[in-house]
Amino acid sequence: MIEEYQSIIKNNVWEIVPRPKIKDVVSSKWLYKIKHVVDGSIKKYKARFCCEHLESIFGRAQTC
């Protein structure tokens with residue numbers, strides 16, 4: 001998780017700004033998955049960062 005976070009910061013993915021008092025904060029979480037080979041050994045670790053509690057908008061897909 002630390003490597004992913006450092007990559008996000010290094011690539012300037014986000015811009016940190018002051019929170020407007022009339023807006024809600026979108027919560028987020030890290031999702032982890034371990035990919036296994038047929039014999040049961042670990043092939044790779046996967047992680048992704050997702051937003052939570054977004055309202056569904058008709059015709060728009062949400063991946064998390």
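Scope of the values below: all heavy atoms of this structure, side chains included, with no hydrogens, waters or symmetry mates.
- Under the 4.5 Å side-chain heavy-atom criterion for grouping Ile, Leu, Val, Met, Phe, Trp and Tyr, Ile34 is not connected to Trp30 through any hydrophobic cluster.
- Contact detail for Ser41 and Asp39: the closest heavy-atom pair is OG-OD1, 2.8 Å.
- Note that CD1 of Ile42 and NE2 of His36 are 6.0 Å apart. Values are rounded to the nearest 0.5 Å.
- For the atom pair NZ (Lys10) and CD (Glu3), the distance works out to 11.5 Å, reported to the nearest 0.5 Å.
- Within the model, atoms CZ of Arg48 and NZ of Lys29 stand 9.0 Å from one another, a figure rounded to the nearest 0.5 Å.
- When the side chains of ILVMFWY residues are joined at heavy-atom separations under 4.5 Å, either directly or via intervening members, Phe49 and Tyr32 end up in a single hydrophobic cluster.
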